[in-house]
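As the structure is a prediction and not an experimental result, all values here were calculated from the model.
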Amino acid sequence: MTSDSHDIARRRLGRQGIAPPAFDSADAVVRWMGAMQAQDYHQSLWAIGARMPSATLRGVEAAIAEGKILRTWPMRGTIHFVAPEDAGWMVALSAERTQARNRRRPEELELDDATLARSADLFHKALAGGKRLARPAMMTLLEEAGIRTDGQRGYHILWHAAHERLICIGPNEGKQQTFVLLDDWAPNPRRLTRKESLVELARRYFTSHGPATVQDFAWWTGLTLTEARLGLEGAKDGLASETLAGKLYLLAADAPESPPAAASGIFLLAGFDEILLGYTDRSAMLDPAHAAKVVPGGNGVFFPMIVRDGQIVGTWKRTVKKKAVEIAPQFFEPPGAAQIDLTAAAAARYAAFHELPAVVL
């Protein structure tokens with residue numbers, strides 16, 4: 001790994017608000033990041049919490065319950081946290097391309113336009129007036145109307161309605177997702193043209209995720225390289241460029257030239273965290289020799305990561321019990337005494353998110 005690559009990883013920790021934790025609220029985190037992977041609900045809560053110096057699980061979930069942040073499918077057909085005012089234009093920007101990539105799926109599921117439109121009408125009537133329904137209730141609603149939800153049909157109907165900007169994911173009820181009308185939970189949406197949306201997304205991405213390449217941005221958004229470059233062209237006045245490790249990187253014009261001192265520490269980060277998932281080229285942070293230990297089988301599941309000095313040096317698991325959080329680190333290489341001590345401190349910080357003490361196994 002080159003010194004440039006190491007520098008890239010540590011600077012990203014600073015820009016993403018991890019080193020040191022930079023934000024005082026969950027909505028400030030999400031708004032800065034633009035969008036944050038959230039298909040794994042509990043991991044995504046800690047991804048937000050890791051960017052706040054004194055976050056708690058209760059506090060992040062309160063932000064969801066109060067509608068300060070919400071989950072929907074704004075890009076790549078994948079669930080993310082976004083700020084409510086950004087949900088509509090972000091979904092609109094990517095929906096056509098995302099649905100085009102999945103154009104054969106409705107036919108495979110025997111879902112025609114009339115059935116999808118009827119489902120949307122049922123959802124609108126059931127959720128109007130600020131109501132919310134858990135996922136099983138949404139499926140029952142469809143079944144009672146004679147619309148089958150077996151296989152992946154129910155999920156695709158929900159996914160389609162979200163891409164039509166009708167619904168989004170509401171606060172959990174226990175372990176169950178709920179669904180709400182997007183208009184109810186995002187009453188003050190930003191109105192942007194497609195070009196304005198491309199520019200705004202480019203500005204937000206490179207400001208929060210830089211140094212990054214245009215290829216990283218295109219992958220993150222699911223846009224074509226042509227669209228990504230169009231957005232970048234419109235945002236370039238607020239950005240700077242650097243050639244690092246032989247590639248052209250973009251970042252905020254006012255970003256520090258050196259990584260923060262805190263980036264040399266140890267962090268226990270969530271699986272699916274933007275620090276790794278936010279880039280198509282992850283080699284600056286993850287040695288390819290260890291990639292299978294973080295993404296076993298390359299099957300799309302990302303284990304929680306131990307990060308030291310900008311590099312992923314292991315994975316970790318946690319078990320939340322009534323009186324403590326048990327944390328089991330697994331390092332790629334045997335850790336030294338200093339590394340063990342720093343990991344214990346990082347574990348204590350994670351346990352504090354659950355308002356419990358830590359037990360490192």
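- The nearest pair of heavy atoms linking Ala145 to Leu122 is CB-CD1, 3.5 Å.
- Considering only heavy atoms from C-beta on, Leu223 comes within 4.5 Å of Leu93 through its side chain.
- The structure places CZ of Arg71 at 6.5 Å from CD1 of Ile64, a figure rounded to the nearest 0.5 Å.
- In this structure, Asp113 places its CG atom where only 12 or fewer heavy-atom neighbours from other residues, nucleotides or ligands lie under 6.0 Å away.
- Between Pro329 and Val360, the closest side-chain pair of non-hydrogen atoms falls below 4.5 Å.
- Between Leu70 atom CG and Asp27 atom CG the span is 11.5 Å, to the nearest 0.5 Å.
- Under a 3.5 Å cut-off, the side chain of Asp121 and the backbone N or O of Arg118 do not form any donor-acceptor pair.
- Salt-bridge check for Asp86 with Arg31: failed, with every basic side-chain N at 4.0 Å or more from each acidic carboxylate O.
- Using a 4.5 Å heavy-atom cutoff, the side chains of Val294 and Leu276 are in contact.
- Hydrophobic clustering (side-chain heavy atoms under 4.5 Å, transitive across Ile, Leu, Val, Met, Phe, Trp, Tyr) groups Phe353 together with Val325.
- The backbone N or O of Asp309 lies less than 3.5 Å from no partner atom in the side chain of Ser264, so there is not a single donor-acceptor pair.
- In this structure, OH on Tyr279 lies 4.5 Å from CZ on Arg12, to the nearest 0.5 angstrom.
- Hydrophobic side-chain contacts under 4.5 Å tie Leu361 into a cluster, directly or through other members, with Val359.
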Pair Asp273-Arg51, salt bridge (charged side-chain N to carboxylate O under 4.0 Å, His left out): steps then yes or no: CA-CA 11 Å; Asp273 194 286; Arg51 291 163 168 83; 2.8 Å; yes
Check against side-chain contact (heavy atoms from CB on, under 4.5 Å), His209 and Arg15: CA-CA 6 Å; His209 288 67; Arg15 293 306 290 175; over 6 Å; no
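- For Gly14 against Pro260, the heavy-atom pair with the smallest separation is CA-CG, 3.7 Å.
- Considering every non-hydrogen atom in both Leu127 and Phe179, the closest pair reads CD2-O, 3.4 Å.
- Checked against the 6.0 Å centroid criterion, the rings of Tyr205 and Trp220 qualify as a close aromatic pair.
- Put simply, the side chain of Leu225 reaches to within 4.5 Å of the side chain of Gln215, judged on heavy atoms.
- A salt bridge links Glu110 with Arg148: the distance from a Lys NZ or Arg NE/NH1/NH2 to an Asp or Glu carboxylate oxygen falls below 4.0 Å.
- Using modelled atom types, no side-chain atom of Thr207 and backbone atom of Arg204 make a donor-acceptor pair closer than 3.5 Å.
- More than 12 heavy atoms of other residues, nucleotides or ligands sit less than 6.0 Å from atom CD of Glu85.
- Of the possible donor and acceptor atoms, one in the side chain of Glu227 sits under 3.5 Å from a partner among the backbone N and O of Thr224.
- Nearest heavy atoms, Gln16 versus Glu274: NE2-O, 3.3 Å.
- Heavy-atom minimum distance, Val82 versus Pro74: CG1-CG, 3.9 Å.
- Residues near Leu251 contribute nothing to a hydrophobic cluster around it, because no ILVMFWY side-chain heavy atom sits closer than 4.5 Å to its side chain.
- Ion pairing between a basic and an acidic side chain is recognised when a charged N comes within 4.0 Å of a carboxylate O; Arg190 and Glu200 show such pairing.
- Both Trp219 and Leu230 are assigned to one and the same hydrophobic cluster, defined by single-linkage of ILVMFWY side chains at heavy-atom distances under 4.5 Å.
- With hydrogens and angles ignored, the 3.5 Å screen pairs no side-chain donor or acceptor of Thr115 with any backbone N or O of Leu111.
- In this structure, Glu96 places its CD atom where only 12 or fewer heavy-atom neighbours from other residues, nucleotides or ligands lie under 6.0 Å away.
- Residues Ile147 and Arg153 form a side-chain contact, since some pair of their non-hydrogen atoms from C-beta on lies under 4.5 Å apart.
- Judged by distance alone, with hydrogens and angles left aside, the side-chain atoms of His42 form no donor-acceptor pair with the main-chain N or O of Asp40 at under 3.5 Å.
- In the hydrophobic clustering of this structure, Met90 groups with Leu198; members are Ile, Leu, Val, Met, Phe, Trp, Tyr whose side-chain heavy atoms approach within less than 4.5 Å, directly or through other members.
- Taking the ring centre of Phe217 as origin, the terminal cationic atom of Arg229 falls outside the region bounded by 6.0 Å and 45° from the ring axis.
- Thr213 places a side-chain N or O within donor-acceptor distance of the main-chain N or O of Asp216, the cut-off being under 3.5 Å.
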Pair Lys236-Glu233, salt bridge (charged side-chain N to carboxylate O under 4.0 Å, His left out): steps then yes or no: CA-CA 5 Å; Lys236 67 180 182 181; Glu233 177 66 21; 2.7 Å; yes
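- If you chain together hydrophobic residues whose side chains sit under 4.5 Å apart, Leu57 and Phe272 never meet in one group.
- Remark: Lys317 does not engage Glu326 in a salt bridge, criterion side-chain N to carboxylate O under 4.0 Å.
- Remark: the backbone N or O of Leu269 is paired with a side-chain donor or acceptor of Trp316 at under 3.5 angstrom.
- The line from NE2 of His124 to CG of Leu166 is 6.5 Å long, rounded to the nearest 0.5 Å.
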Between Leu182 and Ile167, is the side-chain contact (heavy atoms from CB on, under 4.5 Å) condition met? List the steps. CA-CA 5 Å; Leu182 179 60; Ile167 63 172; over 6 Å; no
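- Looking only at side-chain heavy atoms (C-beta outward), Leu181 and Arg165 stay at 4.5 Å or farther from each other.
- A 4.5 Å side-chain heavy-atom check between Pro335 and Thr343 finds every atom pair outside the cut-off.
- Between Trp46 and Tyr350, the ring-plane angle classifies as perpendicular under the 30° and 60° cut-offs.
- Distance check, rounded to the nearest 0.5 Å: CD1 of Ile312 to CE of Met285 gives 5.5 Å.
- Checking side-chain atoms of Gln43 against main-chain N and O of Gly271 turns up a donor-acceptor pair under 3.5 Å.
- Other cluster members for Leu248: none, since no ILVMFWY side-chain heavy atom sits under 4.5 Å from it.
- Heavy atoms only, all atoms of each residue included: Ala352 and Thr56 are closest at O-CG2, 4.4 Å.
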Could you walk me through whether Phe123 and Leu158 pass the side-chain contact (heavy atoms from CB on, under 4.5 Å) test, one step at a time? CA-CA 9 Å; Phe123 291 161; Leu158 293 170; 3.9 Å; yes
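- In summary, Arg105 and Glu108 engage in a salt bridge, as defined by a charged side-chain N under 4.0 Å from a carboxylate O.
- Lys293 forms a cation-pi arrangement with Phe332, by the criterion of a distance under 6.0 Å to the ring centre and an angle within 45° of the ring axis.
- Side chain to side chain, Thr149 and Glu143 meet the donor-acceptor criterion of an N or O pair below 3.5 Å.
- Relative orientation of the Trp159 and His163 rings is tilted, given thresholds of 30° and 60° on the angle between their planes.
- Within the model, atoms OG1 of Thr221 and CZ of Arg76 stand 8.5 Å from one another, a figure rounded to the nearest 0.5 Å.
- In this structure, Glu196 contributes its side chain and Thr193 its backbone to a donor-acceptor pair below 3.5 Å.
- Hydrophobic clustering (side-chain heavy atoms under 4.5 Å, transitive across Ile, Leu, Val, Met, Phe, Trp, Tyr) keeps Phe331 apart from Phe302.
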Run Phe267 and Ile18 through side-chain contact (heavy atoms from CB on, under 4.5 Å) and show every step you take. CA-CA 8 Å; Phe267 303 89; Ile18 295 170; 3.8 Å; yes
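- Using a 4.5 Å cut-off on side-chain heavy atoms (C-beta onward), Ile275 and Met305 make contact.
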